[in-house]
A.B. asks: 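Supplied in structure tokens, the structure appears directly below.
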Number of protein chains: 2
Amino acid sequence: MSPIETEDTRAKILNAARQVFVEKGLDGARMQEIADRAGVNKALLHYYYRNKENLYQEIIRSTFSQFFQTVTNIINSTHPVEEQIRFFIEQHINFIHQNRDFLKLLGYELLRGNETFFENFEQAIKKGFQFPERFIQVILKGMEEGTIREHNPMQTIISVISMNVFFFLAFPLFSKIFPGITENETTFLEERKKAVGDLLLYGILKPSQK
Amino acid sequence: MSPIETEDTRAKILNAARQVFVEKGLDGARMQEIADRAGVNKALLHYYYRNKENLYQEIIRSTFSQFFQTVTNIINSTHPVEEQIRFFIEQHINFIHQNRDFLKLLGYELLRGNETFFENFEQAIKKGFQFPERFIQVILKGMEEGTIREHNPMQTIISVISMNVFFFLAFPLFSKIFPGITENETTFLEERKKAVGDLLLYGILKPSQK
DNA sequence: GTCTATAGCGGGATAGAC
DNA sequence: GTCTATCCCGCTATAGAC
């Protein structure tokens, strides 16, 4: 077989594995199901990826390296303080919305309490990845300029991330509590972006700035 | 054996089961481990709870009925608008902090995408459970009084819940990004409550109110 | 009500033909 | 590189003694 076909097979397995791991988690996933969805034999999974755990780690690796790449791109663009914050929220929500896989895998790893994952995350942040420093700088700059009220920037960062991520994580519940959410997805997403931006900007800007 | 001893065994099993399900999730949990931790024989789990799924549902049921009870109590106390919001944040964060089990089980059910769970949640809210109506009323009242700026209360509710819940869910990651968090737990919790309250109140109150 | 023993099978992993 | 066949362990669940 040609190397191209080989790559096809590897990729087919990875795609199928991602689907199944996202839906069922590491423990709930079945190698047989991955093989079926990939349209290949179960033994091939072991040929290419040795075992289940290893295959799972492959998915985690690729998913989070893509995530860090995206965040780096977002972080590196600079605007005036207020625009910068709106821009971050806009991009962040877009990314999560378009990468539900990322969100679920993040959830599984958090619940697993996988220390190795946490340490990798830490390493990725420390090495050449300027988040959250860049975000903190924006807020500090606003505080120096006198446009943002005095507070601990860390709290704001935690709050933004939480508002953006948890909304999607708990979407099934929120949509039960507030049925209107599901009616017009894109409309609602835009409303959500505006609401988070407003809360944040009204919440950290000094009254005189509004 | 006396009925009291029977209740002891049932309770021991439930406690052990809660621990294991919280740590490993439904798929990752092992009946043998539950039996070991409860100090009883594996067959007893089936004698009392028929099968694994049923035992798990028992844990979910009791955990969430306790949750709804607590939220009802919190919601039913009334204060002036601003205090009411601070009070809710205070109580909400306290509850989550003292009930990590609840948090993790919620996470597992969200990731499982368990529709039955979502529907039960919906039912619990509809039947005699005044959240989020009570919260909406507080915000609407503030808007009528002219102390709160015009906005969709739903967005605020989603934001508060997200900020409070996700902080604890992602604590292992946040503590890697901001190592200071772990130094003084109670101090930090108080700082967090204040930060969320400030963000919210500055963010939804009209400038003239500050 | 609690135990021992075991059924029964699902599922990860490997050997080996092609 | 891909398949078939099979191993074999681990786990849920049950039967049955005490």
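Residue numbers begin at 1 in each chain, while the letters A, B, ... track the order of the sequences. All heavy atoms count here, side chains included; hydrogens, waters and symmetry mates do not.
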A.B. asks: Could you give me the CA-CA distance, side-chain angles and deciding distance for B/F131 and B/R134, then say whether side-chain contact (heavy atoms from CB on, under 4.5 Å) is met?
C.D. replies: CA-CA 6 Å; B/F131 179 86; B/R134 288 295 294 268; over 6 Å; no
A.B. asks: Check the pair B/R37, B/K12 against side-chain contact (heavy atoms from CB on, under 4.5 Å), reporting the backbone distance first and the verdict last.
C.D. replies: CA-CA 9 Å; B/R37 292 210 204 178; B/K12 273 194 293 184; over 6 Å; no
A.B. asks: Could you go over nucleotides 5-9 of chain C and give all protein N or O partners under 3.5 Å, atom names and distances?
C.D. replies:
none

A.B. asks: Is B/T9 close enough to C/dT2 that one of its side-chain N or O atoms is under 4.0 Å from OP1 or OP2 there?
C.D. replies: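 Yes, within the criterion.
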A.B. asks: Could you tell me how far apart B/Q32 (CD) and D/dA13 (P) are, to the nearest whole angstrom?
C.D. replies: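 The distance from CD of B/Q32 to P of D/dA13 comes to 13 Å, rounded to the nearest Å.
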A.B. asks: Classify A/A35 by what it touches in the nucleic acid, base, sugar-phosphate, or nothing, heavy-atom distance under 4.0 Å.
C.D. replies: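 Nothing, no heavy atom under 4.0 Å.
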A.B. asks: Between atom CD1 in A/I34 and atom C1' in C/dG11, what is the gap in whole Å?
C.D. replies: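 It is 12 Å, rounded to the nearest whole Å.
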A.B. asks: Carefully, step by step, assess A/F64 and A/F102 under the rule ring-ring contact (aromatic ring centres under 6.0 Å, His included).
C.D. replies: CA-CA 7 Å; A/F64 282 85; A/F102 161 80; 5.2 Å; yes
A.B. asks: So, B/N94 and B/Q98: side-chain donor and acceptor under 3.5 Å apart, yes or no?
C.D. replies: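 Short answer, no.
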A.B. asks: Find the distance A/N51:CG to C/dA13:P and express it as a whole number of Å.
C.D. replies: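 For the pair A/N51 CG and C/dA13 P, the rounded distance is 5 Å.
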A.B. asks: Atom OH of B/Y49 and atom P of D/dT12: how far apart are they, to the nearest Å?
C.D. replies: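 Rounded to whole Å, this separation is 17 Å.
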A.B. asks: Between D/dC11 atom C1' and B/E53 atom CD, what is the distance in whole Å?
C.D. replies: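 My rounded result for the distance is 16 Å.
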A.B. asks: Establish, with yes or no, whether the OP1 or OP2 oxygen of D/dT2 is under 4.0 angstrom from a side-chain nitrogen or oxygen of A/Y48.
C.D. replies: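 Looking at the OP1 and OP2 atoms of D/dT2, one of them is under 4.0 Å from a side-chain N or O of A/Y48.
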A.B. asks: Between atom CG in A/L45 and atom P in C/dA13, what is the gap in whole Å?
C.D. replies: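 Taking atom P of C/dA13 as the reference, CG of A/L45 is at 10 Å.
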A.B. asks: Between C/dA13 and A/H46, is there an OP1 or OP2 to side-chain N/O distance shorter than 4.0 Å?
C.D. replies: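 So the side-chain polar atoms of A/H46 do come within 4.0 Å of the phosphate oxygens OP1 or OP2 of C/dA13, strictly under.
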A.B. asks: Look up atom CG in A/D101 and atom CD1 in A/I59, then write down how far apart they are to the nearest 0.5 Å.
C.D. replies: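 Reported to 0.5 Å precision, the distance equals 9.0 Å.
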A.B. asks: What is the distance, rounded to the nearest whole Å, between atom CG of B/D27 and atom C1' of C/dG12?
C.D. replies: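 About 15 Å, once rounded to whole Å.
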A.B. asks: May I ask you to verify if any side-chain N or O of B/R30 is less than 4.0 angstrom from the OP1 or OP2 atom of D/dG10?
C.D. replies: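 It does not, given that no N or O in the side chain of B/R30 lies less than 4.0 Å from OP1 or OP2 of D/dG10.
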A.B. asks: Could you check A/F167 against A/F188 for ring-ring contact (aromatic ring centres under 6.0 Å, His included), going step by step and ending with a plain yes or no?
C.D. replies: CA-CA 12 Å; A/F167 170 69; A/F188 187 81; 5.7 Å; yes
A.B. asks: Just checking, is any N or O donor in the side chain of B/Q57 or B/E53 under 3.5 Å from an acceptor N or O on the other one?
C.D. replies: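 There is such a pair (donor and acceptor under 3.5 Å, judged by atom type) between the side chains of B/Q57 and B/E53.
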A.B. asks: Nearest-Å distance, CG (B/L55) to P (D/dC11)?
C.D. replies: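 B/L55 atom CG is separated from D/dC11 atom P by 16 Å.
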